[in-house]
Amino acid sequence: MAIQFYWQLPTTNDARYGDATKQRRGESADPHYPIFSDGVTDPRRKAFNYYDYLHQVTKAADLSGFNGVQIPDYPEGEESWIVAGYIARSTSRLTLLTQFDAARGSAVYAAKNAVSFQRYTGGRFSWQITDGPACGKARKRAGDFADKADILPRIDEFITVAKGVLTTFPFNFVGRFFEVENGGFQGPLSDRKVPTIYLSGNDSDSIALSAKHADVHILNAQSHEDTRKSIAEYREAAAKSGRNPEIALRIDVLARETRDEALFDANRFLEQTGSNIAHVKSENDLLWNDFSTSYTGATASLIGSYEQVAQALAEYADLGVTQFILAAVPHFEEAYRVGTYVLPQVRSLTDPAQKQAA
Amino acid sequence: MTIDVFWRIPTHGEPSSHRARAPFRGDWFPGNDSKTLAGLSGGGNDGFTYIDYLAEIARAAEISGFQGGLIPSFPNTDEPWVISAFLARETKNFRFMIPFQPGFLNPVTAARMTASLQRATGGRALYNIITGGGGPSQLWWGDPVKHDDRYGRTTEFLDVLKGIWQGGPFSYNGKFYQVEDAGLADPLSKEEYPEIYFSGSSDAALASASKHAEYYLSWLEPLDQIKDKFARVKERTDALGRKIKCAIRVDIVARPTEEEAWREVSRGFDNIDPAVLARYKEQNTGDSVGASRQRGLRPQTINSYKDFIISPNIWTGFSLLRGGQTLGIVGSYEQVAERLDELVQLGADAFILASTPHLEEAYRVGEEVLPLVRGKSGSSSLRAVA
């Protein structure tokens with residue numbers, strides 16, 4: 001199976017510099033940091049804002065050969081379903097992998113909105129359902145007072161109900177969180193593709209839920225060895241449910257023409273963000289843990305030359321990863337860079353025909 | 001003071017005219033339970049989907065002078081949040097009036113969706129808050145909450161939405177919704193709060209509307225009834241120290257002459273499937289007060305389209321031509337404009353107009369009828385209205 005690549009859309013913020021606090025592309029985030037001095041005309045007035053930039057990142061991912069965009073949903077960022085709809089008509093190819101929390105509301109309503117996405121995009125809408133903020137206070141800020149123990153059972157019901165009304169009429173369900181009577185979509189709304197479901201999580205309950213419902217299980221970036229273990233563990237759990245979901249890897253990349261340039265830029269990024277990664281073991285490592293920003297959200301980055309990064313990604317593919325969800329700052333320029341210099345190499349390295357020939 | 005005029009986006013497809021049942025544009029038409037996505041011509045896949053047609057209507061409406069459009073949501077239609085986001089980049093002025101039932105969304109999620117849509121459109125999103133027609137369809141939507149409780153929930157939802165909109169921190173401990181130290185983040189918190197059109201005819205609805213809505217939205221009803229209804233709403237909001245405006249949804253058939261307009265209706269009426277007419281006589285479901293008021297207007301005997309004329313230019317058979325409301329205005333361009341002005345005199349501050357096909361009729365109504373509407377221009381040439 002051909003490897004699929006997703007590029008992350010920066011729904012919270014993005015800028016040339018690592019911290020991205022003083023400026024939003026297309027608009028000024030902080031009136032104390034105007035973009036131009038008084039002596040220079042800013043011709044844009046209010047004609048553009050950050051959405052125009054998100055649109056450009058989408059086009060960049062499309063033009064540079066990605067298969068889809070991943071649309072994160074952070075409480076402080078742009079809402080992912082609106083972003084997904086906003087960019088949808090700008091691409092006839094990219095899959096819209098849309099992240100959200102099952103606390104967002106009715107599962108029937110979510111499914112019904114998904115039908116419109118599927119009708120209008122030819123089935124390119126996918127769901128990445130998360131368990132929301134880990135901290136209880138953050139969940140209460142988000143209007144979610146569910147017990148922590150109820151978070152996964154609610155996702156379970158949410159998916160059951162959504163799949164039910166998308167595929168069955170009449171659909172009846174009485175659960176702890178959702179209730180439906182004689183539900184299900186009919187006529188032109190019926191039989192639309194159920195969004196491809198992405199789930200994640202390393203604990204046994206999350207793995208069991210994912211094994212039950214997911215089409216794709218997302219792993220966070222970790223070493224090849226740890227990834228091998230995680231995949232084995234997940235496959236074992238999934239086999240019990242008689243299922244075999246695909247494996248995706250969420251990882252950031254910092255790829256440059258040479259290893260030295262990558263290291264130079266990595267260190268500058270750390271200076272700009274003020275990060276202090278004391279546990280960066282050695283600059284010989286390709287994988288730097290915690291080298292990321294709060295708004296890209298990866299647990300680690302691959303840092304190296306185009307060849308090194310491509311090789312490392314291909315090794316993950318050898319372990320069973322079939323989809324990569326990538327990000328790098330700034331997302332626009334880096335989409336072209338990664339699409340141009342890294343993806344073709346990974347595709348070539350993982351092409352079954354070529355491997356056989358080798 | 002001026003009045004605002006909106007158009008409607010036909011979310012569930014439409015025939016190419018009032019007079020005929022077919023051909024349909026889009027894939028929602030009676031009897032289509034086809035599992036394949038129909039193209040725009042109602043046939044097989046032609047490379048377009050219905051959103052391509054809706055985009056044309058939205059542009060036609062903004063070009064011909066409408067503020068924007070109502071994007072209705074029903075069990076068999078596409079959804080307005082999706083349509084609005086999809087059309088954000090392809091329209092300039094068009095304002096997206098999004099009907100939704102607050103019970104279907106976490107208010108914090110809804111606030112983020114709305115503020116995001118405001119950013120994506122330059123502040124062109126507004127709400128039509130609906131609280132559910134009830135009956136079996138409310139459980140179809142997955143909502144078990146009872147009629148009057150739903151209005152309480154709507155009030156709570158809007159309390160939370162307003163509380164967190166400008167950044168909070170806002171805490172709330174309601175029966176249906178709770179938040180703690182909640183608030184939209186910058187820059188979402190800088191967006192304009194959505195204007196709210198509110199529907200619902202019961203006392204519970206009016207209580208909720210008078211607290212949160214800018215506009216009370218009603219279907220067209222017989223003129224004496226609508227006058228009373230608007231007076232009742234304004235009385236309630238006055239008591240609360242708020243001013244509310246009133247808006248009317250109305251289907252129209254406007255032609256150069258009255259004769260041509262009735263001919264259009266007459267031909268449409270003759271093409272109604274007898275089974276549809278039979279069903280019409282029996283319908284009686286749901287706990288919506290507004291819907292039952294409209295049902296009360298059915299003629300006792302039905303021999304021709306004329307049995308549905310209840311006063312000059314007011315025809316009550318529109319729901320037979322296409323789903324939706326029963327009353328509408330039929331007449332020459334001048335007559336339709338006069339009836340609209342009459343409604344302004346009775347208290348209307350805004351209209352949501354519609355006519356089939358919505359694409360061509362947006363141009364017709366924009367070019368021929370709207371220029372004749374005096375609205376609140378206060379000219380002495382306005383006739384007194386009984």
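Quick note on labels: first sequence line is chain A, next is B, and so on, each numbered from 1.
Between chain B and the options A:G184, A:S80, A:G85, A:G105, heavy-atom pairs under 4.5 Å are most frequent for A:G85. The residue among B:R89, B:E90, B:K190 with the most heavy atom pairs within less than 4.5 Å of chain A is B:R89. Comparing A:D73, A:V165, A:V115, A:T11 by how many heavy-atom pairs each has under 4.5 Å with chain B, the most go to A:D73. Highest contact tally toward chain B, considering only A:L54, A:N113, A:V161, is held by A:N113 [criterion: heavy-atom pairs under 4.5 Å]. Interface remark: of the candidates A:K140, A:H55, A:K137, A:R89, A:R89 forms the most heavy-atom pairs closer than 4.5 Å to chain B. Interface remark: of the candidates B:A88, B:A185, B:A120, B:A120 forms the most heavy-atom pairs closer than 4.5 Å to chain A. For chain A, the option among B:V108, B:N106, B:V160 with the highest count of heavy-atom pairs below 4.5 Å is B:N106.
Note on ring orientation: taking the six-membered ring where Trp is involved, the planes of A:Y109 and B:F104 are tilted (angle from 30° to 60°). Taking the six-membered ring where the residue is Trp, B:F94 and B:F96 present perpendicular rings, their angle passing 60° and hence far from 30°.
Of the two parts of A:N49, only the side chain, counted from C-beta on, holds a non-hydrogen atom closer than 4.5 Å to a non-hydrogen atom of chain B. With a 4.5 angstrom heavy-atom cutoff, B:A115 does not touch chain A via any of its atoms. Only the backbone of A:Y74 comes within contact range of chain B, with heavy atoms under 4.5 Å apart. Both the backbone and the side chain of B:L105 come within less than 4.5 Å of a heavy atom in chain A. Proximity to chain A is absent for every atom of B:P107, based on heavy atoms less than 4.5 angstrom apart. No part of A:F178 comes within reach of chain B, as not one of its non-hydrogen atoms sits under 4.5 angstrom from that chain. Looking at A:P170, there are no atoms closer than 4.5 Å to chain B (heavy atoms on both sides), in backbone or side chain. At a 4.5 Å heavy-atom cutoff, A:D101 makes no contact with chain B through either its backbone or its side chain.
For the residue pair B:P102 and B:F157, the shortest heavy atom distance occurs at CB-CG, 3.4 Å. Counting all heavy atoms, side chain and backbone alike, B:P72 lies closest to B:P99 at CA-CG, 3.8 Å. The minimum heavy-atom distance between A:P10 and A:Y53, with the atom names listed, is CG-CE2, 4.2 Å.
A cation-pi geometry, defined here as NZ or CZ lying under 6.0 Å from the six-membered ring centre and within 45° of its normal, does not hold between B:R112 and A:W81.
Between atom CD of residue A:Q99 and atom CD of residue A:Q128 there is a gap of 4.5 Å, rounded to the nearest 0.5 Å.
The pair B:E62-B:R95 does not meet the salt-bridge criterion, since no charged nitrogen lies less than 4.0 angstrom from a carboxylate oxygen.
More than 12 non-hydrogen atoms from other residues, nucleotides or ligands lie less than 6.0 angstrom from CZ of A:F169. Residue A:K163 places its NZ atom among more than 12 non-hydrogen atoms of other residues, nucleotides or ligands, all under 6.0 Å distant.
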